[in-house]
Protein chains: 2
Amino acid sequence: MSELETYIQSYFGIEQKEMATIAALFKPEDLKKGDYYLKTGKLCNKLSFIKSGLLRIYVKDENKEVTQWISTAGYFVTDLSSLVFQNPARWTIQALSDVELYTISRNDYNRIGKLIPDWHQLEKLFIAKCFTMLEDRIFSHLSMSAEERYAFFFEHNKELFNQVPLQYIASMLGMTPETFSRIRKKTIR
Amino acid sequence: MSELETYIQSYFGIEQKEMATIAALFKPEDLKKGDYYLKTGKLCNKLSFIKSGLLRIYVKDENKEVTQWISTAGYFVTDLSSLVFQNPARWTIQALSDVELYTISRNDYNRIGKLIPDWHQLEKLFIAKCFTMLEDRIFSHLSMSAEERYAFFFEHNKELFNQVPLQYIASMLGMTPETFSRIRKKTIR
DNA sequence: GCGTCGGCTTGACAAATATCAAGAAATCAG
DNA sequence: CTGATTTCTTGATATTTGTCAAGCCGACGC
């Protein structure tokens, strides 16, 4: 479980001993390509660190699917609103490849705060960071064209482009697959 | 200062005694129409509850201004990234009208955690809620046309439409004033 | 009351993006 | 390897949205 420990340690700057306490609450969980981690409307009662693989977070809107995000190894995945407030999950989360996770249940997750003094503070910082990233993303929709959003995303996520169906990236950038394809052609490859 | 107490109490469910402790850290602050609460690049070392008035959160992008949000009475305003991580402020925040605030400094804000046991937990919940609202907003850009975003926003924020220059609402919905005006004409008024 | 100014609207037109349909390319199962 | 299926590309066209320019309207200072 060293990736998880390394990650949490580097991100949260937690002591070795406390780190072990937290890490012990995460259990390995494997998904096959196509398996669902979560479906819209269910309760999301877990949080997972992605050891390997890719997951797509999306929602069916009328008869279209809208991809909200693609989560990759080294990051966490959950439906925050459902995990924290026990609302019905907004997102469906599906494995785009075989996936290895370290998963913690909501119960165990909520216990961390009692085990580790500073936990809620760290948690707050983590969510604040996520909030800031969403602000940037909204800004990209207010100020950039499809082509600019493509260029920016490509610059920062080259690896993703040969690992997942491009239509999903198109959707999460807010454009159709056709527009995505045309922009892609214009860009040096 | 009762609005503030009422708000915090209803939102965070804090005890009367603790409530008084927190509220005492907020100081009244008044802004005239046009005054700046914060400028891009500065440090934001405060958080404010809006007692009355309206503030526009925006950023100059090249030679255009992009309005990120308009904050109204009964809500908080700050630059979260700057407040929490002491990054240079991303946003400029300007009073759209005369404004009455209750403002807490970063120092005092950070002390709350030591005064009130559950504070970081509550804070986390609050930010998580904000995060969820941004997710919705991103979703609106992935799945809705300008006209749909207009209709949705109008439905939920009718009051705002006769209080602020419409060009700012247009910008925060991601369209030009002209498009906004044309959509507006089509809609029943 | 009058001019000025900011903000809104309108029209003509251009550019960006979506839609629909077809076919090519890649991927997958057997 | 081969056929089936999914994904990507391309073209033709429609729709949405943006740009530019002009005019209008209401608020405000004087």
Side-chain angles (χ1 to χ4, degrees), chain A residues 32-35 53-54 56 58 60-67 70 94-98 138-154 157-158 160-189, chain B residues 32-35 54 56 58 60-67 70 94-98 138-154 158 160-189:
Chain A
K32 291 276 176 226
K33 177 173 180 171
D35 285 353
L54 298 154
R56 178 167 74 110
Y58 67 97
K60 276 217 176 57
D61 183 50
E62 283 144 44
N63 41 18
K64 284 177 204 159
E65 284 183 356
V66 177
T67 297
I70 294 167
Q94 187 179 23
L96 287 179
S97 65
D98 290 355
I138 287 172
F139 188 76
S140 80
H141 283 278
L142 299 185
S143 68
M144 291 159 75
S145 66
E147 191 163 340
E148 289 169 321
R149 290 198 301 280
Y150 173 94
F152 188 85
F153 189 79
F154 180 73
N157 302 274
K158 289 194 175 59
L160 209 55
F161 282 66
N162 41 35
Q163 295 183 7
V164 305
L166 298 178
Q167 54 181 314
Y168 299 150
I169 300 180
S171 176
M172 79 187 248
L173 292 177
M175 65 188 84
T176 61
E178 293 93 333
T179 296
F180 186 93
S181 173
R182 292 189 176 103
I183 289 173
R184 190 163 173 254
K185 190 163 70 162
K186 281 204 283 190
T187 309
I188 322 96
R189 275 189 270 189
Chain B
K32 291 271 174 230
K33 178 173 179 172
D35 284 353
L54 298 154
R56 179 169 72 112
Y58 68 96
K60 277 217 176 56
D61 183 50
E62 284 144 43
N63 41 18
K64 283 177 206 159
E65 284 182 358
V66 177
T67 297
I70 294 167
Q94 187 179 23
L96 287 179
S97 65
D98 291 355
I138 287 173
F139 188 76
S140 79
H141 283 278
L142 299 185
S143 67
M144 291 159 77
S145 65
E147 192 164 339
E148 290 168 321
R149 290 198 303 279
Y150 173 94
F152 188 85
F153 189 79
F154 179 73
K158 288 195 175 61
L160 209 56
F161 283 67
N162 40 33
Q163 296 183 10
V164 304
L166 298 178
Q167 54 181 313
Y168 299 151
I169 299 180
S171 175
M172 79 186 250
L173 293 177
M175 65 188 83
T176 61
E178 292 94 334
T179 296
F180 186 93
S181 173
R182 291 187 177 106
I183 289 174
R184 190 162 172 256
K185 190 163 69 161
K186 280 202 284 188
T187 307
I188 323 96
R189 273 189 273 187

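First the proteins, then the strands, lettered A, B, ... as listed; each starts at 1.
- The side-chain hydrogen bond (donor to acceptor under 3.5 Å, both in side chains) test applied to B/S140 returns no partner, not counting sequence neighbours.
- In the helix from C/dG1-D/dC30 to C/dG30-D/dC1, the rotation axis of the first five pairs and that of the last five pairs differ in direction by 50°, rounded to 10 degrees.
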What donor-acceptor contacts under 3.5 angstrom involve side-chain atoms of residues 163-172 of chain B, with partners at least two apart or in another chain?
| residue | atom | partner | partner atom | Å |
| --- | --- | --- | --- | --- |
| B/S171 | OG | B/T67 | N | 2.8 |

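- Whole-Å rounding puts the A/F161 CZ to D/dT7 P distance at 17 Å.
- Distance alone, capped at 3.5 Å, places no donor-acceptor pair between the B/Q94 side chain and the B/D35 backbone.
- Scored by the side-chain hydrogen bond (donor to acceptor under 3.5 Å, both in side chains) test, B/K32 finds no partners at all (sequence neighbours excluded).
- Atom pair A/I169:CD1 and D/dC8:C1' shows a separation of 13 Å (rounding to whole Å applied).
- Ring planes of A/F161 and A/F180: parallel class, angle under 30° (limits at 30 and 60°).
- Under the side-chain hydrogen bond (donor to acceptor under 3.5 Å, both in side chains) criterion, A/K60 pairs with no residue at all, not counting sequence neighbours.
- Look at B/R184 and you'll find a side-chain N or O under 4.0 angstrom from OP1 or OP2 of C/dT9.
- If you take CG of B/L166 and P of D/dA27, they are 14 Å apart, rounded to a whole angstrom.
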inquiry  = How would you summarise protein contacts on nucleotides 11-24 of chain C per nucleotide, using B for base, S for sugar-phosphate only and - for none, with heavy-atom distances below 4.0 Å?
reply    = BB----SSBB----
Pairwise N/O distances under 3.5 Å, protein to nucleotides 26-30 of chain C:
| residue | atom | partner | partner atom | Å |
| --- | --- | --- | --- | --- |
| C/dC28 | OP1 | A/K33 | NZ | 3.4 |

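- With sequence neighbours excluded, the residues that form a salt bridge (charged side-chain N to carboxylate O under 4.0 Å, His left out) with B/R56 are B/E65.
- Atom OH in A/Y150 sits roughly 12 Å away from atom P in D/dC8 (whole-Å rounding).
- How far CG of A/L173 is from CG of B/L142: 8.5 Å, rounded to the nearest 0.5 Å.
- Judged as a side-chain hydrogen bond (donor to acceptor under 3.5 Å, both in side chains), and not counting sequence neighbours, B/S143 has no contacts.
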